[in-house]
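Here's the structure, in structure tokens; my notes come after.
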Amino acid sequence: MSSGIERTLVLIKPDGVRRGQVGQVLGRIEAKGFTLVRMDLRTADKALLEEHYAEHVGKGFFAGLVEFMGSGPVVAAVVEGHQVISTFRVLAGATDPAKAAPGSIRGDLGRDWGTPAQQNVVHGSDSPQSAAREIALWFPSL
């Protein structure tokens with residue numbers, strides 16, 4: 001990959017899949033000029049989710065987050081583009097959908113009707129190190 005070109009892991013969470021938002025999320029990613037390198041629809045097992053969210057072990061929301069993320073299928077995607085990690089996080093919006101800016105994925109598509117903040121439609125890696133680790137977990141052949 002050339003300078004400035006990165007890869008990130010994007011997950012469309014069970015709430016986004018259940019509510020039929022996959023096309024809208026992928027459309028926003030592609031409209032931004034990013035490339036889908038690999039994509040898979042699957043229900044993640046507990047072991048994968050516990051490893052993915054290992055940095056949150058011991059926090060009060062960890063068990064609920066793992067349970068929610070395993071509650072249905074997710075779309076896991078490797079997305080590539082210039083500064084895709086930071087740009088996707090802006091595109092995704094604030095973690096809490098009630099605080100996410102209009103125009104962002106979470107601001108437009110997220111719901112915060114008494115649900116835990118992790119039910120916010122999408123996940124995106126927060127750093128190059130996290131992206132490399134997460135992509136290796138979800139797509140070990142890449």
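With sequence neighbours excluded, no residue forms a side-chain hydrogen bond (donor to acceptor under 3.5 Å, both in side chains) with H82. Remark: R133 engages no residue in a side-chain hydrogen bond (donor to acceptor under 3.5 Å, both in side chains) (not counting sequence neighbours). The salt bridge (charged side-chain N to carboxylate O under 4.0 Å, His left out) search around R89 returns none, not counting sequence neighbours.
Geometric assessment of R106 against the ring of F88 yields a negative cation-pi assignment under the 6.0 Å and 45° thresholds.
Taking the charged nitrogens against the carboxylate oxygens, D15 and K13 have no contact shorter than 4.0 Å, which rules out a salt bridge.
Side chains of W138 and V78 form no contact here, defined as non-hydrogen atoms less than 4.5 Å apart. No side-chain heavy atom of R7 sits less than 4.5 Å from a side-chain heavy atom of V79.
Atoms CD and OG1, on E30 and T35 in that order, are 8.5 Å from each other to the nearest 0.5 Å. The CD atom of Q83 sits 8.5 Å away from the CZ atom of F34 when rounded to the nearest 0.5 Å. Once rounded to the nearest 0.5 Å, the distance linking CE of M39 with CD1 of I29 reads 9.0 Å. To the nearest 0.5 Å, atoms CZ (R38) and CG (L142) are separated by 4.0 Å.
The two residues A92 and V122 come nearest to each other via the heavy atoms CB-CG2, 3.8 Å. Taking both residues in full, the closest heavy atoms of S104 and A101 are given as OG-O, 2.6 Å, listed atom of the first, atom of the second, then distance. Taking each heavy atom of S125 and I85 in turn, the nearest pair found is O-CG2, 3.5 Å.
A donor-acceptor contact shorter than 3.5 Å links the side chain of R19 to the backbone of L109. Checked by atom type and distance alone, the side chain of E80 never pairs as donor or acceptor with a backbone atom of E6 at under 3.5 Å. Using modelled atom types, one side-chain atom of D108 and one backbone atom of G103 make a donor-acceptor pair closer than 3.5 Å.
Tracing side-chain contacts under 4.5 Å through hydrophobic residues (I, L, V, M, F, W, Y), one reaches I105 starting from L36; they form part of the same cluster.
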